[in-house]
Amino acid sequence: MANNIYDDIKKRIDLVEVIREDFPLKGHGSEYRGDRDGIHGLVVTRSSKGGEWYYYWNKHNRGGSVIDYLIKERGMDMKSAVEWAAKRAGLTLPEWTHAETKSWLRVRAAEDLFDVATKVFERWMGNTATAMDVCRGRGWTDDTIKNARLGYSGNATAAEYKEMREYIAMNNIDVQSPAAVAILGFKGDVAKLKDKWEVDYELHDAISNDDVNAGYISGFMSKPRLIYPHLYFGKVTYLSSRNLKWEGDRLINEPDKHHKSYNPRRGLIGERKPYFPWNYNVNSNHIVIVEGQADVITGAQWGFNIMGKVGTKLSDYWGGELGKRHETRYDWHDMDEAGENSWRIGKVKVGKEEKKIEYPIADLLGPLTHIVGAPATREGQIKDMNDLRQYYVGKGISDQSQYERVRIRLNNAPVVSVIALKEAAEKQKRKDVSLEEKLGTMTRAFEIIAKMGKKKANHMLNDFVSASGLTVSAINK
C-alpha cells in the first residue's frame, strides 16, 4: 500500500460530512462544533488554506484524522477504515498483502500504546516531586506541565515495571510487542523474541546480533527520563525523552551532551515525528519553528503558535504544509554551529547527485521566512528559547514582559531573502572571494527574491536597496 494514501485520503475527504452522518454540527468555513448536549466539546477544524481536516473531542480527550475518527468513533479496524475512506475519496483501493496488514497493525498498536504509556508516565511525573522540579527549573508552570502531558519514566524498579506491564496488558496490547519493548525494554532470551517478531509481526530488522549477544534491549524505562509525548490534535503520535540523572536525592538533566536525549530505534516505533504542543492552532496566521521540545513548550506557554523539528528535517511535506497553513513563518534556530547551518546550508537532489545549496529554508518555508535567534547578554550568548525563558525568570522579568520582548524580537527579525541579498552584496567587496563564488551567491539571492513574485518583491524594494547597496534600476534589471 502506498504510504501517501493517508495524505490523499485526509485531503480529499470532508470530515465534516462524515461526522454529520453521526452527530449534528454547526459552524462554517474551517471550524465546526457539536450542536447538542453531550457533544459540545466535539470540534472539527482545518487549515484555512486547504490543509487536512481533523477533529478533537474534549470530553474524551481524543481526536485525529478521518482514519482516527472511523477507528475511534465508529469502531472500525485499520484495514476497514482505510478501505472505506479510500472508496469514499475515489481512490484505488489498496492491495493489502499479508505483510502490509501486519505492518499497519503494528503501527496502529504503537499509537495506542503511546497513549497508554503516556498516562502512566504522567502519573509518575505528578507523584515525583524532584521530577516536577526539573520541569519547573526550566521555567514551566504546573499547568504547562499538565497541558503538555509531560511524564517521568520512573526509577527502573520492579514495582514500576509491574505496573506498566499490567496497564499495557489491561489495554489488550502484547507486552512483548515492538512498541511495548520500546517502553519497557527487554532482558532475557532476545533470540527467542526476535523469532517471535518475525512470525507475529514479520519484522526482521529491529533486533541486531549485538542485542542477541547482550540479551538486552534498552527502553524508555531503562533509566530516569523526562518523557515528551508528541501531541497532534490531541493524539499522542510519538514519544521522545530527555535523559535525567540522580545527584544525591534530586534529579538533574544528564550533563553529558552526547547522551542527553533518547529516542527508540525506528524498527520499534517508526520514524521520528515533529513535536507540536497542546495548543497548536492550524488556523493561526503565524508559526514559530524551533529545534527542541523544551523550546516548543516554552513558546507554547508564552502563547505563540509553535512546532519543533526535534531531530527531523523540514521535508517537502512539512515545509510545504506549514507554508500553506501559516502566512507568517519564523525559523528560530539554536545559536550554535548546527543551528546556524540548519537554515543556511543544505542539499538538493539534481538527478542522481546531491548539490549544495545556500539558504535552503527559503525553498522549504518561503523567501519571507523570518530568521530568529536568542539574544546575546552581558553574561554571554543565550542558546535557545528555553534558555531565554530561564534567563528572564532569573532576572525577575514578568511573564507578560517576556512575551512582549519575544514578540518584538520575532517581528523585527529579518527575512531570509534580505539576509541572502545583504550577504551576497558584502561578498562582492571581498578580495578573498572568487569571481565564481561572488556570482553564485548573488544569483542565489535573486533566485530567492524571485520566489516571492513581482508584487511582493516591489513592496520590499527599499529593503533590497538598503541590503545590497544597489540602485532600484539595477535590482529591477
Side-chain angles (χ1 to χ4, degrees), residues 1-23 25 32-34 38-39 41-46 51-119 149 167-174 177-180 182-183 200-202 229-239 268-271 273 276 282:
M1 185 182 67
N3 290 334
N4 65 1
I5 193 170
Y6 286 100
D7 295 334
D8 291 340
I9 285 171
K10 287 184 287 186
K11 289 182 181 298
R12 293 194 187 194
I13 290 185
D14 186 338
L15 184 53
V16 172
E17 293 181 358
V18 174
I19 294 178
R20 274 181 167 160
E21 294 173 2
D22 303 325
F23 306 106
L25 297 173
Y32 292 78
R33 295 179 180 272
I39 61 167
L42 176 60
V43 180
V44 191
T45 185
R46 73 173 295 182
E52 309 121 326
W53 285 98
Y54 289 91
Y55 85 101
Y56 182 66
W57 204 333
N58 293 285
K59 177 181 178 182
H60 302 293
N61 193 29
R62 65 182 182 235
S65 67
V66 62
I67 300 296
D68 297 296
Y69 181 83
L70 295 173
I71 293 170
K72 294 176 181 179
E73 314 306 336
R74 292 192 178 178
M76 293 183 181
D77 59 29
M78 171 67 82
K79 182 174 182 290
S80 299
V82 173
E83 290 180 344
W84 184 94
K87 185 175 181 180
R88 179 155 181 148
L91 297 168
T92 302
L93 290 173
E95 295 181 5
W96 292 85
T97 66
H98 182 69
E100 285 172 336
T101 301
K102 289 199 171 186
S103 173
W104 289 113
L105 287 175
R106 187 174 74 249
V107 170
R108 185 69 204 176
E111 291 181 348
D112 290 342
L113 181 60
F114 296 155
D115 188 62
V116 169
T118 294
K119 290 173 182 175
R149 301 189 66 187
Y167 199 63
I168 290 173
M170 185 176 70
N171 283 273
N172 299 315
I173 299 171
D174 180 3
S177 67
I183 302 296
D200 291 352
Y201 302 101
E202 296 195 2
H230 293 221
L231 306 175
Y232 196 55
F233 297 98
K235 180 181 179 182
V236 182
T237 61
Y238 188 79
L239 295 176
L268 298 181
I269 66 172
E271 298 292 328
K273 303 250 179 95
F276 290 89
V282 71

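FYI, side chains are in, hydrogens and waters are out, and symmetry mates aren't considered; it's all heavy atoms of this structure.
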Which value, rounded to the nearest 0.5 Å, describes the distance between Ile19 atom CD1 and Leu70 atom CG?
9.5 Å
Closest non-hydrogen contact found for Ile13 with Ala89 is CG1-CB, 3.9 Å
Nearest-0.5 Å distance, CG of residue Leu25 to CD of residue Glu17
11.0 Å
List in chain and number order the residues that pass side-chain hydrogen bond (donor to acceptor under 3.5 Å, both in side chains) with Asn171, two or more places apart in sequence or in another chain; answer none if no residue qualifies.
none
Among residues at least two apart in sequence or on other chains, which ones pass salt bridge (Lys or Arg N to Asp or Glu O under 4.0 Å) with Arg20?
none
Could you tell me which non-hydrogen atom of Ala85 sits nearest to which non-hydrogen atom of Ile9, and how far apart they are?
CB-CG2, 3.6 Å
Rounded to the nearest 0.5 Å, how far does OH of Tyr32 lie from CG of Leu42?
13.5 Å
Within the side chain of Asp115, is there an N or O that forms a donor-acceptor pair under 3.5 Å with the backbone of Asp112?
no
Got a sec, which residues hit salt bridge (Lys or Arg N to Asp or Glu O under 4.0 Å) with Glu271, two or more places apart in sequence or on another chain?
Arg266
Roughly how far, to the nearest 0.5 Å, is the CG atom of Leu239 from the NZ atom of Lys273?
10.5 Å
Just to verify, what does Thr118 make a side-chain hydrogen bond (donor to acceptor under 3.5 Å, both in side chains) with, not counting sequence neighbours?
none
Sorted by chain and number, sequence neighbours left out, ring pair (Phe, Tyr, Trp, His ring centres under 6.0 Å) with Phe23 holds for Trp57
Ala169: side chain to side chain contact (heavy atoms under 4.5 Å, CB included) partners, not counting sequence neighbours
Val175
Got Trp53 and Asp14 here, is their nearest side-chain heavy-atom distance under 4.5 Å?
yes
Which distance, rounded to the nearest 0.5 Å, do you find between the OG of Ser177 and the CD1 of Ile183?
9.0 Å
Would you mind reporting whether Arg149 and Val236 have side-chain heavy atoms less than 4.5 Å apart?
yes
Side chain to side chain contact (heavy atoms under 4.5 Å, CB included) with Ala182: which residues, sequence neighbours excluded?
Pro264, Leu268, Ile269
With Tyr69 via side-chain hydrogen bond (donor to acceptor under 3.5 Å, both in side chains) - residues at least two apart:
Asp22
So, taking the atom named CZ in Arg62 and the one named NZ in Lys72, what distance separates them when rounded to the nearest 0.5 Å?
7.5 Å
Heavy-atom nearest pair, Val18 first then Arg74, reads O-NH2, 3.1 Å
With sequence neighbours excluded, what pairs up with Asp174 under the salt bridge (Lys or Arg N to Asp or Glu O under 4.0 Å) test?
Lys196
With heavy-atom distances below 4.5 Å as the criterion, would you say the side chains of Val116 and Tyr167 are in contact?
yes
Of all heavy-atom pairs between Leu15 and Tyr54, which one has the smallest distance, and what is that distance?
CD2-C, 3.8 Å
